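Right, one structure below, let's go through it.
The model shown is predicted, which means the values in this text are computed figures rather than measured ones. Residue numbers start at 1 and run along the sequence shown. Every number for a ligand or one of its atoms is a count from 1 in the order of the listing. Hydrogens, waters and symmetry mates play no part in the numbers below; they use all other heavy atoms, side chains included.
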Amino acid sequence: KHGVLTRKSHADMDGKRTPRGRRGWKKFYAVLKGMILYLQKDEYKPDKDLSEVDLKNAVRVHHALATRACDYSKKPNVLKLKTSDWRVFLFQAPSEEEMMSWIFRINLV
Ligand code: I3P
């Protein structure tokens with residue numbers, strides 16, 4: 001699965017709140033492949049190698065939990081992703097349908 005997702009980092013590894021200055025929203029082209037959600041600057045090209053930054057932004061979604069971000073009301077179509085290393089991200093999808101589809105696919109991993 002792939003598509004545009006806008007990310008906000010809410011908690012870092014070990015569950016510590018992401019500090020000010022690193023809590024902004026950032027738009028990515030997201031690709032869910034195997035157990036990894038790749039967050040790329042540019043649209044996915046199958047034969048192009050991932051950049052160092054792309055690799056750094058990739059999130060392991062094995063044993064992660066995706067839910068609708070019910071407690072976040074500033075933007076619509078936002079899902080919350082809790083990873084197995086206690087990071088928390090918010091991702092805004094372009095539509096309700098896309099948000100539900102990402103939640104479903106991430107939780108299948
Ligand atoms: C954050 C940025 C986010 C905002 C966040 C700020 O600043 O303005 O958009 O979240 O508020 O800290 P920075 O880019 O300097 O990290 P919202 O869009 O959800 O308001 P927060 O600290 O209350 O999460």
Identify the closest protein heavy atom to atom 23 (O) of ligand 1: which residue and atom is it, and at what distance?
Arg17 NH2, 4.1 Å

If you measure from each non-hydrogen atom of Arg22 to ligand 1, which part falls under 4.0 Å: side chain, backbone, both or neither?
backbone

For residues Phe28 and Lys41, report the shortest heavy-atom separation together with the two atoms involved.
CD2-N, 4.4 Å

Would you mind telling me if ligand 1 is within reach of the side chain of Lys8, the backbone, both or neither, using heavy atoms under 4.0 Å?
side chain

Verdict with reasoning, His10 to Arg17, per side-chain hydrogen bond (donor to acceptor under 3.5 Å, both in side chains)
CA-CA 6 Å; His10 182 72; Arg17 189 179 192 273; 5.8 Å; no

Looking at Asp71 and Lys80, does any basic side-chain N land under 4.0 Å from a carboxylate oxygen?
yes

Is Gln92 near ligand 1, meaning one of its heavy atoms is under 4.0 Å from it?
no

Which one of Lys74, Arg20, His10 has a non-hydrogen atom at the shortest distance from atom 20 (O) of ligand 1?
Lys74

Under 3.5 Å: donor-acceptor pair, side chain of Thr83, backbone of Arg87
yes

Among all protein heavy atoms in this structure, tell me which lies nearest to atom 18 (O) of ligand 1, with the distance rounded to 0.1 Å.
Trp25 NE1, 3.0 Å

Inter-residue atom distance Thr6.OG1 - Lys26.NZ, 0.5 Å rounding:
11.5 Å

Tell me whether the guanidinium CZ or amine NZ of Lys75 lies under 6.0 angstrom from the six-membered ring centre of Trp25 and within 45° of its axis.
yes

Could you list the atoms of ligand 1 found under 4.0 angstrom from a heavy atom of Tyr72?
17 (P), 18 (O), 19 (O)

Counting non-hydrogen protein atoms only, what is the nearest one to atom 6 (C) of ligand 1? Give residue, atom name and distance.
Arg23 CB, 4.1 Å

Tell me whether atom 8 (O) of ligand 1 lies less than 4.0 Å from at least one protein heavy-atom position.
no

Exam field: side chain Gln92 to backbone Pro76, donor-acceptor pair closer than 3.5 Å
yes

When distances are taken from atom 13 (P) of ligand 1, the protein heavy atom at minimum range is Gly21 N, 3.4 Å

